[in-house]
Amino acid sequence: MAPTTRPTFRRSLALLAGAALLANVGFTGSVQAQGTPPMNGPASVADLAEGLLNAVVNISTSQNVKDDEGVGPAPRAPDGSPFQEFFNDFFNKQKGNKGGNHNVNSLGSGFVIDPQGYIVTNNHVIEGADDIEVNFADGTKLKAKLIGTDTKTDLSVLKVEPKAPLTAVKFGDSSGMRIGDWVMAIGNPFGFGGSVTVGIISGRGRNINAGPYDNFIQTDAAINKGNSGGPLFNMKGEVIGINTAIISPSGGSIGIGFSVPSELAAGVVEQLREFGETRRGWLGVRIQPVTDDVADSLGLSSAKGALVAGVIKGGPVDDGSIKAGDVILKFDGKPVNEMRDLPRVVAESPVGKEVDVVVLRDGKEQTVKVKLGRLEDSDQAASNDADANNKGGVINPDPDENQDMDEPDDQQSQPMPDGKGKTDQAAPDATIPKNVLGLSLSELSAETRKTFGIAESVDGVLVAEVAAGSLAAEKGLKPGDVIVEVAQEFMRSPEAVAAKVQSLKQEGRRNAQMMIASANGDLRFVAVPME
């Protein structure tokens with residue numbers, strides 16, 4: 001299931017598959033359309049829909065589930081209740097009957113992409129199913145075999161064995177669709193059979209936190225439970241999206257639906273058909289967002305690109321072609337406007353392809369050539385990087401941490417390792433700390449490494465103390481961090497940090513970009529204001 005979105009007000013993000021109850025039935029018995037387009041829309045889509053309805057199918061699944069799966073403790077009547085004895089006796093008998101099985105059924109949609117019987121749907125429509133049946137518009141029912149599935153994009157490919165060629169539809173180019181263009185959704189909401197709704201594209205490139213490659217088309221064409229896996233057509237009858245999720249407080253359409261764009265889906269579907277799995281490109285870097293402060297510290301005119309926080313050992317760019325501190329601006333000719341663009345374009349690239357990558361390094365743009373690895377082959381090389389297989393080989397910061405590295409970190413006032421809860425105490429036997437930007441800095445030594453648990457592989461300047469309320473504290477720096485670089489220069493001593501910060505001030509820079517290492521060597525970049 002897709003995770004719940006986290007906007008400023010509470011609402012649910014519902015995946016669409018599953019049985020649903022009849023809703024919005026008027027007194028005349030007709031179903032009232034939700035998200036009905038304005039009267040000045042297309043005069044009619046009847047001719048278009050007529051040629052497409054037979055290619056859209058209903059997918060019915062069943063799953064054998066134990067009766068006691070997911071059952072919590074039986075409720076108990078309050079002590080002293082006159083019905084306590086009967087109440088508890090009833091539920092004790094129920095507990096004794098555990099162990100039976102029952103079938104759970106659900107409904108979804110799909111569409112035929114090959115007359116020989118290949119069908120596309122959502123992964124969450126068929127996930128965990130023991131039996132998959134495809135129901136066609138003419139009443140034909142065929143058992144389906146799962147060819148391949150991809151949880152990262154929520155797509156699956158099925159195969160049926162028809163007696164005659166099926167009506168099929170083809171993918172169009174979603175990249176050419178504009179906000180305001182008319183679209184048509186066909187699916188099987190509420191299990192009624194083929195159903196057509198019309199609307200427009202409301203937005204593009206939506207990130208709903210459903211997966212690492214979110215790039216959804218948003219539409220107001222009515223989409224409800226049971227539409228999941230169904231196609232979103234342009235006015236040429238081409239599939240430009242696969243309906244996947246809605247935002248709704250009730251589970252029904254409120255005119256905010258999301259579709260996987262064909263520019264992403266077509267390649268995934270082709271790989272699932274050919275290999276039964278996806279084969280994604282892998283770059284092997286850690287990235288973080290380029291914030292306004294980071295952009296200023298690097299001399300960028302605007303906040304764009306993906307900042308490389310680290311390179312995975314043994315990965316495709318471990319040869320030095322891309323380095324920590326680089327900002328990736330273009331990948332294979334495609335602009336990287338923000339961090340989340342990079343995982344998607346890398347994953348869509350063929351394994352083994354040599355691509356040009358434009359990076360900003362030492363204040364200058366330069367182009368480097370890299371040969372992509374395969375994401376699935378990266379497991380061993382990235383064994384120490386928990387997110388390696390979740391972001392297309394381009395690893396984002398831990399989602400439980402501050403994504404933009406600019407918000408206060410709850411750990412900034414962590415107790416010192418002595419366990420006494422003191423945060424204003426310098427490390428024992430350290431050299432006299434030097435104060436820079438609210439940081440008390442000292443050189444690393446065997447004693448300070450032991451005190452803060454800093455690995456031998458980590459080198460730089462120790463942050464011994466962080467002044468409460470300082471800008472450095474607001475940026476998440478804390479005692480035990482190690483400053484590795486300032487403005488892409490390695491730091492060997494507190495004096496070197498102070499001198500570099502002073503030099504940046506004289507250059508008119510407002511922020512000092514620092515590469516920070518945690519005790520175990522994980523890297524991140526922080527732009528500390530110098531005002």
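Remark: side-chain polar atoms of N122 are not paired, donor with acceptor, to backbone N or O of H124 under 3.5 angstrom. Side-chain N or O atoms of S259 include none that pairs as donor or acceptor with a backbone N or O of P261 at under 3.5 Å.
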Q.
Pair E489, K500 - check salt bridge (Lys or Arg N to Asp or Glu O under 4.0 Å), show working.
A. CA-CA 9 Å; E489 288 187 18; K500 188 61 182 177; 2.8 Å; yes
Q) Would L158 and I147 satisfy side chain to side chain contact (heavy atoms under 4.5 Å, CB included), going step by step from the backbone distance to the final call? A) CA-CA 5 Å; L158 309 176; I147 298 299; 5.8 Å; no
Q: Apply salt bridge (Lys or Arg N to Asp or Glu O under 4.0 Å) to the pair K478 and D481, showing each step before the final yes or no.
A: CA-CA 6 Å; K478 57 186 180 292; D481 282 340; 3.7 Å; yes
Q: Please assess K236 against E238 for the test salt bridge (Lys or Arg N to Asp or Glu O under 4.0 Å), listing each intermediate value before the final yes or no.
A: CA-CA 6 Å; K236 297 178 182 178; E238 300 168 332; 5.0 Å; no
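In this structure, R279 satisfies the cation-pi test against F275, with its NZ or CZ atom closer than 6.0 Å to the six-membered ring centre and inside 45 degrees of the ring normal. With Y118 as the aromatic partner, R273 meets the cation-pi criteria of under 6.0 angstrom to the ring centre and within 45 degrees of the ring axis.
The closest side-chain heavy-atom distance from F136 to N54 is not below 4.5 Å. Residues K159 and D114 fail the side-chain proximity criterion, which asks for heavy atoms closer than 4.5 Å. Looking at I242 and V120, their side chains come closer than 4.5 Å, going by heavy atoms from C-beta outward.
Using a cutoff of 4.0 Å between basic side-chain nitrogens and carboxylate oxygens, E263 and R204 are scored as salt-bridged.
For the 3.5 Å distance criterion, the side chains of S518 and N520 qualify, holding a donor opposite an acceptor.
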